[in-house]
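First comes the structure, then the notes that go with it.
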Amino acid sequence: MNGTPDPGSDSSAGEQLELVRLELKKARARARPGAGPKATARHLPVARVVVNRSALVIDQFFDYSVPVDLDEIAQPGVRVRVRFGARMVEGRREGGNLVDGFLVQRLERSDYPGSLAPLSQVLSAERVLTPALLRLCRAVADRYAGSLADVLQLAVPPKHNRAEAAPSPEPLPAPAAPGPGSWTRYPLGEAFLTALAAGEAPRAVWAALPGGWAGELARAVAAVLASGRGAVVVLPEGRAVAQLDAALLELLGAGRHLALTAELGPEERYRRWLALSRGSVRAVVGTRAAMFAPVADLGLVAVWDDGDDRHSDLNAPFPHARDVLLLRAAEAGAAVLIGGLAVTVESAQLLHTGWARPLLADRAEARRAAPLVRTGSERDQANDAGARAARLPSHAWSVAKEALARGPVLVQVPRRGYVPRLACVRCREPARCRHCAGPLELRDAEGALCCDWCGRPDQDWHCQECGANRLRAQVVGARRTAEELGRAFPLVPVRTSGRGEVLATVPDVPALVVATPGAEPVAEGGYAAALLLDGWALLGRADLHAGEDTLRRWLNAAGLVRSREQGGAVVVVADEGLRPVQALVRWDPAGFAGTELAERAELRFPPVSRMASVTGTSASIEDLLTLIRLPEGADVLGPVAVGGGRPGGRGEGRGGQGGDGRGGQDGLERVLLRVAPGRGAELATALKAAQVAQLVRRSAEPVRVRIDPLDIG
DNA sequence: AGCACGCCGACT
DNA sequence: GTCGGCGTGCTC
């Protein structure tokens, strides 16, 4: 029968041949000398490995034996490849995939009762996963209820052979301690620098003044380098990194620091990462990817503008640069500097608990550095036809017209698509649920009010502040306003900076520079004036952070304007009675953050409480809630239906746009879990355990969990 | 997560 | 009688 093809059964003969070939292949694999039992290292024959599998249910170490030929190279921290998922057949291991991992420890013996598979491969001798980095990644994974492998993926860049083969530069000796520069603007500024240079670990929240922040940050880095320690600085985007990079280059010359940003490309990024890991360079500045940068002898962590949502990583488990750096500082006993023109509520809490000290300028100094800020009413239309065409209040119109004679004028307009929040028609106090203080939403065409957090309806809403019983939803026409503005000043060039194209700088010549928040170019000689338009659209977003975030965006724009002594002026088009507006006019970011914090505490909002969101189908959420062992006093808010999209991303809310399509047409729901301050770790642990239980039992579709969600109303 | 084992319906 | 569904369990 063999070799006599039966006409009509060609295919079956072919299949048999194929089968025979497969069997031969298997036999050869078994007989291959490399696959047989190999001698194991005599000393520390066990290698503990973290495998690169993100699944929560295998978030643990696995032990492998170390073959003699890998004994020397198989040091803690190296990248390895191991066979994972094999099964036992007649006492032999069969199958199993080659997966990447890191060797974390060499041991005399394993506590695993079975026999150990050998390490398959050590990829190189480079010890990329240092003990400190491993501890950090473990802490971050725990804090965010994620797996170690997920965090390692964010923390250790992919291997690049060419970068790894090249030697890193020789380290330079520590520089001399820098002079205080413009830190003299803050009463405690010099003392902070001195402490850094002396090897201490001061912790500060810094309300930076306009002008000079990059130089001030650079001096903080230089001071800690002078103490023989290293520094990590994370900034929200590439243009800010470039500014600090330039300031450091000027202060320290080349070779003592490096910049790490996403746009570098894999080879150069890994080359720089290795320079840090190998101790060639001790200071790094960069965007959020730099938050894990392996700086040895960490002396200082710093975050710039920590309220910017770009500090949140977009990959699971969505760590936030500020919080990762705080974990690092605690671990390393390093100094902390959280700075920005604005002060976040999270920073205010660090001040409130006494964990950090304030680095604030006194009122006179702040007045000197800041531009003159005035409000313009949206109802106060100018008589001038051009102003009417631009729909500008008369004050804004005249300020812009006057300033255009002296230099560029910045016009900040919100991006289209901000979702307005329901607010009192009279005093514009946001409409909140009287049970849990979540934001109220219009859920259906009937106009029924419903809480976005707990889902309770509210038939009889009236304003807590002024007693009015009517609501309004704000409407946005931002982009059009900007276009009309260009027509209103026909002789002036109009430049735009926004989503499509972001300008880094504009020259010191008269021009209208229309920019969306976060995309404002730096004007070389400072803007002569800035108009902050449509404050309502910003303040009216359905977002817990709307007030804080709006003030932050205003401050960042106003901070690019010349000081009041130099004739710099800002007009903010918004109701002067509102707290963010007052804080801008008085240039008092710290005061605003303190008040906001007190209010959050009263309403039990983050960061005074800790929250996590759980998203999934109704059944899977219910299932998770039966499995979870919640910390004492935890609140369960919801579930409520949510629109499509990725709950992990920044899609809805803070800084993002969209967020329409609510109503749960895809069947997804969300609950918010709220715990008392100090119980965040317990909550994360409980969520992870419940998720693992759900995955193991397969009792329902898995849910998605996010700690510190950004998109809560 | 993958991947294999194991026990019940419609087809050669 | 077999091919194949996805429930349950493990991976050093």
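Letters A, B, ... mirror the listed sequences (proteins, then strands); counts begin at 1.
- In this structure, Leu98(A) places its CG atom 14 Å from C1' of dG2(B), rounding to the nearest Å.
- Atom CD of Gln694(A) is separated from atom C1' of dG7(C) by 16 Å (rounded to the nearest Å).
- If you take CZ of Phe62(A) and P of dT11(C), they are 8 Å apart, rounded to a whole angstrom.
- Listed nucleotides dT11(C), dC3(B), dA1(B) differ in distance to Asn97(A); the shortest reach to its side chain belongs to dC3(B).
- When the P atom of dT11(C) is taken as reference, atom OH of Tyr64(A) falls 11 Å away, rounded to whole Å.
- Shortest non-hydrogen contact noted between Arg328(A) and Val295(A) is NH2-N, 3.8 Å.
- Here the closest heavy-atom approach between residue Leu133(A) and residue Val156(A) is recorded as CD2-CG2, 4.1 Å.
- A distance-only check finds a donor-acceptor pair linking the side chain of Gln694(A) to the backbone of Ser620(A) [under 3.5 Å].
- The interatomic distance linking Leu103(A) (CG) with dC12(C) (P) rounds to 16 Å, in whole Å.
- With distances taken from any side-chain atom of Arg698(A) to the nucleotides dA1(B), dC12(C), dG2(B), the minimum falls on dG2(B).
- Within the nucleic acid shown, Ile58(A) comes within 4.0 Å of at least one base atom, counting heavy atoms only.
- Within residues 73-87 of chain A, the residues having any heavy atom under 4.0 Å from DNA chain C are, by residue number, Arg83(A), Phe84(A), Gly85(A), Ala86(A).
- Every residue two or more places apart in sequence or in another chain was checked for a side chain to side chain donor-acceptor pair (under 3.5 Å) with Arg629(A), and none qualifies.
- Ser115(A) and Arg93(A) form a side-chain donor-acceptor contact under 3.5 Å, judged by distance and modelled atom types alone.
- Phe62(A) and Phe84(A) have their aromatic ring centers within a separation under 6.0 angstrom.
- The distance from atom CG of Asn52(A) to atom C1' of dT11(C) is 15 Å, rounded to the nearest whole Å.
- Straight-line distance from the CZ atom of Arg53(A) to the P atom of dC10(C): 18 Å, rounded to whole Å.
- You won't find any donor-acceptor pair under 3.5 Å spanning the side chain of Arg697(A) and the base of dG9(C), going by distance alone.
- Leu695(A) has its CG atom 13 Å from the C1' atom of dG2(B), to the nearest Å.
- For the residue pair Ser110(A) and Asp63(A), a side-chain donor N or O sits within less than 3.5 Å of a side-chain acceptor on the partner.
- Within 4.0 Å (heavy atoms only), Tyr112(A) reaches at least one base atom of the nucleic acid.
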